[in-house]
Amino acid sequence: MSTSSINIVLRERASLQPNHTAFTFIDYEYDWEGVAESLTWAQLYRRTRNVALELEGRGAAGDRAVILAPQGLDYIVAFLGALEAGLIAVPLSVPTVAIHDERVTAVLEDASPSVVLTTSAVAESVVPYAKPSEDGPAPSVVEVDSLDVDTRRGSGTRRGGHSDIAYLQYTSGSTRTPAGVVVSHRNLLTNWEQMVASYIRDYQMPKTTVSWLPFYHDMGLMCGVCTGILGGWSSVITSPIAFLQRPARWMQLLARNPQVLSAAPNFAFTLAAARTSDDDMAGLDLGDVSFINCGAERVNPATITRFTDRFAAYNFPKSAIRPSYGLAEATVFVATNEPGEPPDFVHFEPEKLSAGHAKRCTAGTPLASYGRPRSPLVRIVDPETATEKPAGKIGEIWVHGDNVSSGYWNRPVETEQTFAATINTPSPGTPEDRWLRTGDLGFFSEGELFIVGRIKDLLIVRGRNHYPDDIEATVSEISRGRAAAIAILDDATERLVVIVEVKKRGQSEEEVAEHLRNVKEQATSAISNAHGVSVHDVVQVAPGSIPITTSGKVRRAACVQLYKDDGFQRVDVRERSAVTSGTGTVEVWPTTGTTTAPITRG
């Protein structure tokens, strides 16, 4: 792509197709069936320019601009307006209502913005966070929807001094203080080109993007905002809450738009399959879905099978599901399977995996293939010796390419450790330095990339390695809910504890107790048979009790702390009584039955 920024692409779209629809936001907050609001390319560019003029008039150019706004068109305009003014955008979520949002505070302290972009609807909750930093005054708060953004103005925008950095993508902060990944315009455009080359065949170009993912998440920002602009496609968006309230809305939007591309984490496929009725799909056809990127968390083969089986009657193509691997430090995308092919799930011997080897078999641990990475480059490396691992050996996934960020904002030590790795005695065609250490474990088998989990989440029980994702997948097949596998140190011995979300099933207390007992026994047996490890404790909790990030990843460190503090409220009364020992149980993560588990934004 010859252009140098997403804003230049937007300007070209506004010039070449001014009256075509660029974005449509479906608002379900006040109408169950949704109210649509659209912007053409010309309208979007005009609003973007006017926001930029407002920011430049305030002397904010060249600094950081935090976006704290609800999901919608104003958020997109604020983000693009900040880039147009030469600011470094910092996409965030609206602060949590009625409680202090520590993540928002941490990011504002780290980014030290000169301006906060918000809307009048939430400005009252945003203003208290706009405090002076150690080095400067408090950022100004601009309500984007209160500006005169639709008036045609002159073109005297001040140019020059624009940052090479497009935005800071803050990590979830599930195990640490949020870190801002520095994403340049070059990173963004390179990653877009890599995605197009990997996802799209020439004769299958999409026409529409559909997304409910939050804009402040890396996959949500790319799918919901950037993809439509860079591809010149119309984008149909809604909010994460709209999806969680009624997952069928996602399926309906996929069916009602032509040649759709979309993206979602694994848990979304579970919700959509379980909570979309035949009445929801009456008269609809999914045969025109181009592809859905399944990423942000590990892909569960059973989940994808249930999803494709559920919507087969509505002509959903199996080849549309694209298991994808990526991370914010690489902008978002790293690898996916080949276009036009259904997901490839390969079985590996679990005992070999525990020993660091990958051997294919007919029945074992199923893992999704992420294809044969070409760009960016991917290598499997021994994290201790920094030497490449041969095929079939598990090691850390390292990534190299112009999509990889230059580092974390104002964190030179962490940047050096993560983004400046060097391979010792690299193989032919392998660069020596500037490798990104992902912290993920994986391997190559027959040229294909497979992922087994995070290094920091690796469970070591009685001297053997176990991957929590595998154990959780085994348990979820039994409980039909989320699970978390953690290791607890007990008398100098690591013991496996499994947290399982279950629904109380039965007409009487006896039937409910029998159901819970069956889940526990089946889970314990399945883990022993499939993974060769005994379970110290099975903690059964209500749906929504396991803490997760916005991308659906289990916050295992938080689970460990909750377990140690007796913070999980067990649904089995006798289990709860035994664990609390009369000290009482704290309801740390209340649930309503209509939302997913507690989340960490980012």
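Using a distance-only test at 3.5 Å, with no hydrogens or angles considered, a donor-acceptor pair links the side chain of Arg322 to the main chain of Asn337. Looking only at distances, no side-chain donor or acceptor of Arg103 sits under 3.5 Å from a matching main-chain atom of Pro178. Side chain of Thr331 to main chain of Asn403: a donor-acceptor pair is present (N/O by atom type, distance under 3.5 Å, no hydrogens or angles). Checked by atom type and distance alone, the side chain of Asn50 pairs as donor or acceptor with a backbone atom of Thr151 at under 3.5 Å. Using a distance-only test at 3.5 Å, with no hydrogens or angles considered, no donor-acceptor pair links the side chain of Arg372 to the main chain of Ala335. Within the 3.5 Å criterion, the main-chain N or O of Ser184 finds a donor-acceptor partner in the side chain of Asn187. A donor-acceptor pair under 3.5 Å is formed between the side chain of Thr48 and the backbone N or O of Leu44.
For Glu432, there are no salt bridge (Lys or Arg N to Asp or Glu O under 4.0 Å) partners, not counting sequence neighbours. For Arg249, the salt bridge (Lys or Arg N to Asp or Glu O under 4.0 Å) test picks out no residue, with sequence neighbours left out. Residues satisfying the side-chain hydrogen bond (donor to acceptor under 3.5 Å, both in side chains) criterion with Ser239, sequence neighbours excluded, are absent altogether. Take Asp440 and apply the salt bridge (Lys or Arg N to Asp or Glu O under 4.0 Å) test, not counting sequence neighbours, and it matches Arg454. Remark: Thr415 pairs with Tyr408, Phe419 by the side-chain contact (heavy atoms from CB on, under 4.5 Å) rule, at least two apart or across chains. Listed by chain and residue number, Arg186 satisfy the salt bridge (Lys or Arg N to Asp or Glu O under 4.0 Å) test with Asp402 (two or more places apart in sequence, or in another chain). By the side-chain hydrogen bond (donor to acceptor under 3.5 Å, both in side chains) test, Trp398 pairs with Glu396, sequence neighbours left out. Residues satisfying the side-chain hydrogen bond (donor to acceptor under 3.5 Å, both in side chains) criterion with Thr430, sequence neighbours excluded, are Arg379, Ser427. With sequence neighbours excluded, no residue satisfies side-chain hydrogen bond (donor to acceptor under 3.5 Å, both in side chains) with Ser405.
Relative orientation of the Phe333 and Tyr199 rings is tilted, given thresholds of 30° and 60° on the angle between their planes.
Across every non-hydrogen atom of Val210 and Ser262, the tightest pair is O-OG, 2.6 Å. Here the shortest heavy-atom pairing between Leu39 and Gln43 reads CA-OE1, 3.4 Å. Shortest non-hydrogen contact noted between Ala328 and Gln169 is CB-CG, 4.0 Å. Between Ala130 and Ala138, the closest heavy-atom pair is O-CB, 3.4 Å. Of all heavy-atom pairs between Tyr167 and Pro91, the closest is CB-CD, 4.3 Å. When every heavy atom of Trp32 is checked against every heavy atom of Arg246, the shortest pair comes out as NE1-NH1, 3.3 Å.
Looking only at side-chain heavy atoms (C-beta outward), Ile451 and Leu441 stay at 4.5 Å or farther from each other. Put simply, the side chain of Trp212 does not reach to within 4.5 Å of the side chain of Leu253, judged on heavy atoms. Annotation: side chain of Glu84 is not in contact with side chain of Leu53 (no heavy-atom distance under 4.5 Å). Residues Pro431 and Leu377 form a side-chain contact, since some pair of their non-hydrogen atoms from C-beta on lies under 4.5 Å apart. Within the 4.5 Å cutoff, no side-chain heavy atoms of Ser235 are placed close to those of Thr227. In this structure the side chain of Met219 reaches within 4.5 angstrom of the side chain of Pro265, judged on heavy atoms. Side-chain atoms of Val289 and Phe316, non-hydrogen and from C-beta on, do get closer than 4.5 Å to each other. Val378 places none of its side-chain heavy atoms less than 4.5 Å from the side chain of Tyr325.
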All N/O donor-acceptor pairs, side-chain side in residues 65-80, below 3.5 Å, sequence neighbours left out:
from: Gln71; atom 1: OE1; to: Phe215; atom 2: N; distance (Å): 3.2
from: Gln71; atom 1: NE2; to: Leu213; atom 2: O; distance (Å): 2.8
from: Gln71; atom 1: NE2; to: Thr238; atom 2: O; distance (Å): 3.2
from: Tyr75; atom 1: OH; to: Leu92; atom 2: N; distance (Å): 3.0
from: Tyr75; atom 1: OH; to: Leu92; atom 2: O; distance (Å): 2.7

Side-chain donor-acceptor contacts of residues 121-129 below 3.5 Å, not counting sequence neighbours, with atom names and distances?
from: Ser125; atom 1: OG; to: Val122; atom 2: O; distance (Å): 2.8
from: Tyr129; atom 1: OH; to: Asp101; atom 2: N; distance (Å): 2.8

Report, one line per pair, each donor and acceptor closer than 3.5 Å where one atom sits in a side chain of residues 20-29; sequence neighbours left out.
from: Thr24; atom 1: OG1; to: Ser38; atom 2: OG; distance (Å): 2.7
from: Asp27; atom 1: OD1; to: Glu29; atom 2: N; distance (Å): 2.9

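Taken to the nearest 0.5 Å, the CG atom of Asn266 stands 11.0 Å off from the CZ atom of Phe307. In this structure, CD1 on Ile237 lies 8.0 Å from OG1 on Thr209, to the nearest 0.5 angstrom. Here Leu55 contributes atom CG and Leu117 contributes atom CG; the two are 5.5 Å apart, rounded to the nearest 0.5 Å. With values rounded to the nearest 0.5 angstrom, Asp63 atom CG is found 7.5 Å from Ile88 atom CD1.
Taking the six-membered ring wherever Trp is involved, the centroid distance between the rings of Trp250 and Phe269 falls below 6.0 Å.
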key: Chi angles and distances behind the side chain to side chain donor-acceptor pair (under 3.5 Å) call for Gln259, Ser290   = CA-CA 5 Å; Gln259 293 175 231; Ser290 295; 5.1 Å; no
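Using modelled atom types and a 3.5 Å distance limit, the side chains of Ser120 and Asp145 yield a donor-acceptor pair. Judged purely by distance below 3.5 Å, without hydrogens or angles, the side chains of Ser324 and Asn293 pair a donor atom with an acceptor atom.
A 6.0 Å sphere centred on CD of Gln17 holds more than 12 heavy atoms belonging to other residues, nucleotides or ligands.
Between Glu338 and Arg374 a salt bridge is recorded (basic side-chain N to carboxylate O distance below 4.0 Å).
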